[in-house]
Structure formats: C-alpha cells, structure tokens
Asks: 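Got a structure for you, questions after.
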Amino acid sequence: VFPALVRLEEERRCVLDPARRSRILLLVEDEAAFASFLLPAVTDLLEEAGETGCVGLALARSFEEAMAILDGVGERLGAVISDLGFPRADRLDPFAGLALLREVRRQWPAAPLLAQSFEAVNQSEAEAYGFSFVHKRAADYLERLLSFLCSSPIRAFTRNSKSWGK
C-alpha cells in the first residue's frame with residue numbers, strides 16, 4: 001500500500017499541472033478500506049500493462065472533489081473508474097457516481113468509463129447509461145479491472161500522450 005500512496009501523492013501534485021502530458025486516470029472511491037486495496041491494485045495493473053509512465057492517478061472521495069479534478073485535467077482525462085455511491089453536497093448519495101459519469105460522458109464523450117459497486121443491483125442502472133460495470137466482490141474483479149485498463153481506448157489514450165496538448 002505504501003508505494004501506491006507515495007505515487008498517488010506525487011501524482012496529486014502533478015495532476016493539475018497543464019504542462020504535464022500524461023493522461024489522468026480518475027479513481028472515485030470514498031471507502032478508505034476499498035481505496036487502500038484499489039490504489040495498489042491499479043498501480044500494479046498499470047505496471048503489468050506497461051503504462052506507468054503514461055498515466056497519472058488521481059483519487060477523489062466525493063462528487064465535488066471529482067469535479068474539481070476534472071475541471072483541472074481538461075483534455076488529459078484518460079479514463080474514470082467510479083464507485084456509484086459516495087458523498088455529494090455533504091451527504092451520501094447513492095446516485096452520485098451515475099451523475100458524475102453522465103457529466104464526464106457529456107464533456108469527454110470518448111473517455112472510457114467504469115462504474116463499480118458492492119451492490120449488484122446497480123449493474124443494470126449503470127449499463128442502461130452505457131457504462132461498463134464491475135461488481136466489487138466479483139471473483140474475477142482484478143481480471144476485469146485489468147481488461148478495462150488494457151482496453152483499446154485506454155491504450156490509445158496512453159500511447160498518444162506525447163502528442164496531446166500541443
């Protein structure tokens with residue numbers, strides 16, 4: 001966990017830097033226990049996929065924090081992995097993730113979006129909006145996460161990062 005936290009802190013300092021050319025992978029997760037699992041898992045999966053130099057990680061714990069990060073990254077947004085229920089307007093909102101992903105889809109129509117939840121019932125809601133979905137308790141959770149991270153849109157975003165922003 002410690003290396004992932006160190007990397008996250010380094011990335012946090014750089015995420016809003018417009019001169020940085022890497023794509024940003026926004027992780028939205030308010031549960032500390034799951035975030036402490038997710039951060040090293042994503043870091044390891046990015047390393048396994050050979051993407052560490054091209055993708056910056058940003059962690060948001062609320063709707064407002066996620067929107068502030070999105071406002072700062074602009075065209076460098078690479079993808080979003082979001083829980084579906086998290087704080088919005090200082091209270092737990094079970095639909096905050098759907099609202100966030102819909103806003104991301106509106107502003108960045110090509111960005112890969114992954115909804116995740118402990119509640120299986122949320123899958124149909126997420127898929128109704130066209131979002132990929134993974135159940136957090138799925139036996140193949142890490143394999144599905146790796147599949148998402150290695151999908152062609154993500155690889156296209158990361159492989160072309162040197163040409164963005166010119």
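What you are looking at is a predicted structure, and each value in this text was computed from that prediction instead of being measured. Heavy atoms only: backbone and side chains are in, while hydrogens, waters and symmetry mates are out.
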Asks: Where do Phe133 and Leu114 come nearest, in terms of heavy atoms and distance?
Replies: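 Reported closest heavy-atom pair: N-CD1, 3.8 Å.
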
Asks: What closest approach, in Å, do Phe63 and Ala96 show between heavy atoms, and which atom pair accounts for it?
Replies: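 Between these two residues, the closest heavy atoms are CD1-O, 3.8 Å.
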
Asks: Is the Lys NZ or Arg CZ of Arg102 less than 6.0 Å from the centre of Tyr129's six-membered ring, within 45° of the axis?
Replies: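 The answer is yes, since Arg102 meets both limits relative to Tyr129.
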
Asks: Just so I know, are the side chains of Leu149 and Ile81 near enough to count as touching, which here means a heavy-atom distance under 4.5 Å?
Replies: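 The answer is yes; the side chains approach within 4.5 Å.
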
Asks: Testing the basics here: between Val28 and Ala66, what is the closest heavy-atom pair and its distance to 0.1 Å?
Replies: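 Result for this residue pair: CG2-CB, 4.1 Å.
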
Asks: Any chain of hydrophobic side-chain contacts (each under 4.5 Å) joining Phe95 to Met67?
Replies: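 Yes, it is one cluster - the side chains of Phe95 and Met67 are joined through contacts under 4.5 Å.
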
Asks: With no hydrogens and no angle check, is any side-chain donor or acceptor of His135 less than 3.5 Å from a backbone partner on Phe118?
Replies: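 The answer is yes, because a donor-acceptor pair under 3.5 Å joins these two groups.
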
Asks: To check you understand the geometry: which heavy-atom pair defines the closest contact between Gly97 and Ser82, and what is its length?
Replies: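 Looks like CA-OG, 4.0 Å.
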
Asks: To the nearest 0.5 Å, tell me how far Gln107 CD sits from Asp71 CG.
Replies: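 So the gap between those two atoms works out to 7.0 Å.
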
Asks: If we only count heavy atoms from C-beta on, is the Leu113 to Arg105 side-chain gap below 4.5 Å?
Replies: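 Of all side-chain heavy-atom pairs linking Arg105 with Leu113, at least one is under 4.5 Å.
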
Asks: Measure the spacing between CG of Leu98 and CD of Glu125 and express it to the nearest 0.5 Å.
Replies: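 Atom-to-atom, Leu98:CG and Glu125:CD are 5.5 Å apart.
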
Asks: Any chance you could measure Glu103, atom CD, to Trp108, atom CH2, to the nearest 0.5 Å?
Replies: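 The CD atom of Glu103 sits 7.5 Å away from the CH2 atom of Trp108.
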
Asks: To the nearest 0.5 Å, how far apart are CG in Leu100 and CD in Glu64?
Replies: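 CD of Glu64 is found 10.0 Å from CG of Leu100.
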
Asks: Taking all non-hydrogen atoms of both residues into account, name the closest pair between Asn122 and Ser117 and its distance.
Replies: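 Distance-wise, the nearest heavy atoms are ND2-OG, 2.9 Å.
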
Asks: I'd like to check Leu27 versus Glu29 (side-chain heavy atoms, cut-off strictly below 4.5 Å). Are they in contact?
Replies: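 Not in contact.
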
Asks: Can you tell me how far NZ of Lys136 sits from OH of Tyr141, rounded to the nearest 0.5 angstrom?
Replies: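 Tyr141 OH to Lys136 NZ: 7.0 Å, rounded to 0.5 Å.
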
Asks: Would you call Gln116 and Leu38 a side-chain contact if the rule is heavy atoms closer than 4.5 Å?
Replies: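 In contact.
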
Asks: Quick check for you: to the nearest 0.5 Å, what is the distance between Leu92 atom CG and Phe86 atom CZ?
Replies: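 Leu92 CG to Phe86 CZ: 9.5 Å, rounded to 0.5 Å.
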
Asks: Where is the tightest heavy-atom contact between Leu101 and Ala115, given as atom of each residue plus distance?
Replies: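 Heavy atoms of Leu101 and Ala115 come nearest at CD1-CB, 3.8 Å.
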
